[in-house]
Structure formats: structure tokens, C-alpha cells
There are 2 protein chains.
Amino acid sequence: MIKIVENKNDTKVKSKKTTKQKIFEAAIDLFAQKGFNATSMREIAESVGIKKASLYSHYKSKDEILEKILEYPIERIGNVGEQNIGTEELIVSMGLEKFMNLAGDLVLSWMEDPYMEKIWRIICIELYHNDQIKKFYSEFEVISCSYWVSAFDIMMKHKLIKPSNPRILASEYLSFYGNAYMDYFLLNYGSTSGSFLQEYKDRIDQHVAFMVDAIKP
Amino acid sequence: MIKIVENKNDTKVKSKKTTKQKIFEAAIDLFAQKGFNATSMREIAESVGIKKASLYSHYKSKDEILEKILEYPIERIGNVGEQNIGTEELIVSMGLEKFMNLAGDLVLSWMEDPYMEKIWRIICIELYHNDQIKKFYSEFEVISCSYWVSAFDIMMKHKLIKPSNPRILASEYLSFYGNAYMDYFLLNYGSTSGSFLQEYKDRIDQHVAFMVDAIKP
DNA sequence: CCTACCGATCGGTAGG
DNA sequence: CCTACCGATCGGTAGG
């Protein structure tokens, strides 16, 4: 079942943050601005207002900070694969167009959390070099792809779309998002005051409309 | 007019390479393997068989080496914009399907040059951080996009495709390539013995077939 | 949470 | 094309 998960531990409304939380947030900000390798432990410490050596009382290493950052989206997004249960009923009850739009909105909702946009930026930036990040992204891609292959399969079974290859449809559907992410996070990030949501809402709607038109019976 | 440019100065068949050429090639290899920042001048020198200080007799700095590497695809690909002349005649004479396939093959032909695949890898890897590379890629994207917007515009004028928004069609058409490049060069590069061509030939054909089916009248 | 330090490595230069 | 060096910076640690 697709649902938008609420952020339970809303640490940001608390006025008193622990030093560990401050380090976590400073690291997200700096990694998103400059990348993981280009950010030094000194800079993180300065941003928090302590000395570099003190960081090691809270995190074993620079890599451990990244590790903890990457755990956030895993908890936040949850296992998309598990959401398969209920998809068939959802598709049948909503119909092609409504379902496609809902799914597009789900992708966007992941970005409403201010941490998530920064973490996606970190992922895009360091995708090439950091094995932790590579593994995370690869798994995310596999899960997304298999979800959509089965979704298109269901649609085909119920004759909501033309007969075709679900794998190709999933590739066509998801390529747009992959490309849009890379475009935004690698080329445009920081150059606009807006967010991914604001910048790409129209284009996502156009993409969904194009796909619906291309695959409807 | 779209045409496949031959590699004129085929430096690789020469048995005697200058040290400058050896440095150039060693740098391409290392940057493609590890990235620009992660490759040291020491490593380049070792790979050539000289000492680090000697590199500076041939190149002013590490940045200058990258600069020269990025000049290669500019000469190799040429200005795609200039090739606009003749596109209309080509489209009308070939028809939708043939033209779309030819264009897909052109993209692939850029990869047949062994330097080009490595240079694309360098571009993908360092896109986030290096302003030289960012500028190169952004310009490439703008040129590609405007070429395809005008191509779809021409097709529409001649009623070879359904009435729709050429800009959206260009985005849908090109997203696949952008995503495929990132996928191959960031996630799969080095893990297979094959090349981009070998790995993606089938998927490109499927993409072109999907697009043709989606936009034909 | 600090001061003070470690070895390693970086791009680049002086001078021959 | 070399040896020998430069200052800067890195992640991390000892010891309090």
C-alpha cells in the first residue's frame, strides 16, 4: 500500500539539540554543498562550534557520519518493495491516470522533508566514488524498477494499458526521474532559490501525461 | 547534415609517442578509473615512467591536463548545432523510423572511439565538482536539446508525428540517454568487459521503438 | 571537550 | 628530465 510516512522524530522543533545531532546536521549541510571528500572534519567541527578532536567522541570516523546520514532515507522512504501489497487493488480502483499521478506525487513527497533533498544531493555527488553510496543507490534503483515492472504488469493484466513489455515501460517511465534528479542535483543545485519540487512539478506532470497517452489502450 | 566524422590524427598507430602524448593518455586512463581529484600527479608520472616534477615541463598544472582532455570531444563531436542544416531534407527523405534509428546510431558512433568512452566517464564522475566539466556538459545538453526540439518540430510540420509539444518530446527522447549514460558510467563502469555500445545496443533499439510508437500519427 | 601532536599525501617549485 | 624541497592540508590519536 502506498502511503506517505510522517516524520516521527521531529528533532528540529526541539530547541535543545545534542552535540551529536548538531554534528549530524552540520555534516549533511556541508556534504550537500561541497561533497563528502571535499568536506574536512575541521569544517564540520567549526560549523558546530567545537574543535575537530571532539568530533571523535561522537562518531568513530568521517565514514561513520556518512553511514548514519544514509540510514535516514532508508527509514524515511521505507521498503518500497513491501508496498507491493495492495498495489493491484489500488490500480484497479483508481484507474491508469489517477494511479500514475499518485505515484508521481509520492516521489515528490519524499522531497518535502528538508533533509531528503540534501541527502539526495549527497548521493548524486558521491555516487561515483563512495561504495556505501553506490550500494544504496543501486538497491534503490532495483527496488523502484521491480515495483514498476510489476505495476505495469498488473495494468496490462487488467487491460488498462496496451499490450507491451512491462520492463521497457518501467525503463521509459523511470528514465525521466533519473535524468531529472541528476540534472537538478548535479547541474542546477544551489543556483536557484527553489526546491526540486518547485522546479520540476510541471515537467513531472507533462511526463506522466506523455506516458499515459503513450500506453493507454 | 548528420555525418560520422573520422578520427584524423590517429596518434595511436604511431609507434613513437612523445612524452606529452604519453602523459595525456596516462591521465585519461587514470582519471577514468579513479576520477580527477583522486588521481595524483605522482601517479600520472609513475604511469608514464618519469618523475612528478618532469610533468610540469609539458603541462602547467593538473588543471591544464584536464583542459586538454576536454578539448578532444569538442573536436571529435563537432558542433551538433551546425549539423542542423540539412536535417529537414534528411527527415523528409528518410521518414520517422529510419531517422530516429540513424540518430540513435550516431550517439553510439561517438563511443566507438576508445578515448571517448573514457572521457565520458571522466565527465560523469566529476560533473558535480569541476566547473570546466560542468560547463562542457551543460553546453552539450543545451545543444542536444535544441537540436531535437527543432527535429520534432520539423516532423510535426510534415505530419510525420502526432501534434504535440516538441519540447516534451525532446525531453522524453533524451532522458533515456542521460539516464543510460549515468547508469553505465557511474554504476556499471569497469564491472563488465563490454563497452557502452555492447551493453546498451538492445535497450537503445527498444527505446527508439517505444518513442516511434508513441509519437507516430 | 580541549591542546598538541602524528604520519601521509597533496600540487607545485627551485635549481641544476 | 632529475633530486630535493616547500607549505598546506588531510583524518585521526594521545593524554588530560
Side-chain angles (χ1 to χ4, degrees), chain A residues 11 14-71 122 125-134, chain B residues 11 14-71 122 125-134:
Chain A
T11 53
K14 281 186 185 164
S15 54
K16 281 204 176 184
K17 291 175 197 166
T18 65
T19 303
K20 189 160 187 173
Q21 283 173 321
K22 282 186 199 165
I23 295 168
F24 183 82
E25 291 179 19
I28 286 185
D29 284 341
L30 286 165
F31 292 165
Q33 277 168 40
K34 319 176 40 167
F36 177 74
N37 290 323
T39 301
S40 70
M41 292 297 265
R42 248 184 202 84
E43 287 172 300
I44 297 171
E46 261 171 36
S47 172
V48 173
I50 57 176
K51 296 295 174 183
K52 187 187 63 162
S54 308
L55 294 177
Y56 292 89
S57 309
H58 302 281
Y59 293 96
K60 276 191 306 186
S61 65
K62 197 182 171 187
D63 277 316
E64 203 198 44
I65 300 178
L66 179 61
E67 209 175 291
K68 298 299 176 191
I69 290 174
L70 290 181
E71 282 173 13
I122 297 170
I125 281 180
E126 297 294 348
L127 193 48
Y128 81 98
H129 210 201
N130 189 289
D131 284 335
Q132 251 186 92
I133 289 177
K134 206 179 211 172
Chain B
T11 53
K14 280 185 186 163
S15 55
K16 283 205 175 183
K17 290 175 196 165
T18 65
T19 303
K20 189 160 186 172
Q21 282 173 321
K22 284 186 199 165
I23 295 168
F24 183 82
E25 291 179 20
I28 287 185
D29 283 341
L30 287 165
F31 291 167
Q33 276 168 41
K34 318 175 41 167
F36 177 74
N37 290 324
T39 300
S40 69
M41 292 297 266
R42 249 185 201 85
E43 287 172 300
I44 297 171
E46 261 171 34
S47 171
V48 173
I50 57 175
K51 296 293 173 185
K52 189 187 64 162
S54 308
L55 294 176
Y56 293 88
S57 308
H58 303 281
Y59 293 95
K60 277 191 305 184
S61 64
K62 197 182 172 188
D63 277 316
E64 203 198 43
I65 301 179
L66 179 61
E67 209 175 292
K68 298 300 176 191
I69 290 174
L70 291 180
E71 281 173 14
I122 298 169
I125 282 179
E126 297 294 348
L127 193 48
Y128 81 97
H129 210 201
N130 191 288
D131 284 336
Q132 252 185 90
I133 289 177
K134 207 179 210 173

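The chains referred to below are lettered A, B, ... by the order of the sequence lines, with proteins before strands, and numbering in each begins at 1.
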Respond yes when some side-chain nitrogen or oxygen of B:Ser54 is under 4.0 Å from OP1 or OP2 of D:dC2, and no when none is.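 B:Ser54 to D:dC2 OP1/OP2: side-chain N or O found under 4.0 Å.
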Base paired to D:dG12 (Watson-Crick or G-U; both N/O distances under 3.5 angstrom):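 Pairing partner: C:dC5.
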Is there a donor-acceptor contact under 3.5 Å from the side chain of [X] to the main chain of [Y]?
X: B:Gln21; Y: B:Thr18; answer: yes
X: B:Glu43; Y: B:Ser40; answer: yes
X: B:Glu64; Y: B:Lys60; answer: yes

Where the side chain of B:Ala53 is defined as all heavy atoms beyond and including C-beta, which of C:dC1, D:dC1, C:dA14 is the nearest nucleotide?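 Given the options C:dC1, D:dC1, C:dA14, the side chain of B:Ala53 is closest to C:dA14.
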Rounded distance in Å - NZ (B:Lys22) to C1' (D:dC1):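 Those two atoms, NZ and C1', are 13 Å apart.
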Whole-Å distance between D:dT3 P and B:Ile50 CD1?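 Those two atoms, CD1 and P, are 12 Å apart.
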Would you give a per-nucleotide map of nucleotides 7-12 of chain C, 5' to 3', where B means the base has a protein non-hydrogen atom under 4.0 Å away, S means only the sugar-phosphate does, and - means neither? ---BBB
Which heavy atom in A:Ala32 sits nearest to a heavy atom in A:Ile125, and how many Å separate them?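 Closest approach of A:Ala32 to A:Ile125: O-CD1, 3.8 Å.
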Contact summary for A:Thr39 and A:Lys62, nearest pair of heavy atoms: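 Scanning both residues, the minimum pair turns out to be O-NZ, 2.7 Å.
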List the atom pairs, with distances to 0.1 Å, where a side-chain N or O of residues 45-57 of chain B and a protein N or O form a donor-acceptor pair under 3.5 Å, not counting sequence neighbours.
residue : atom : partner : partner atom : Å
B:Ser54 : OG   : B:Lys51 : O            : 3.4
B:Ser57 : OG   : B:Ser54 : O            : 3.4

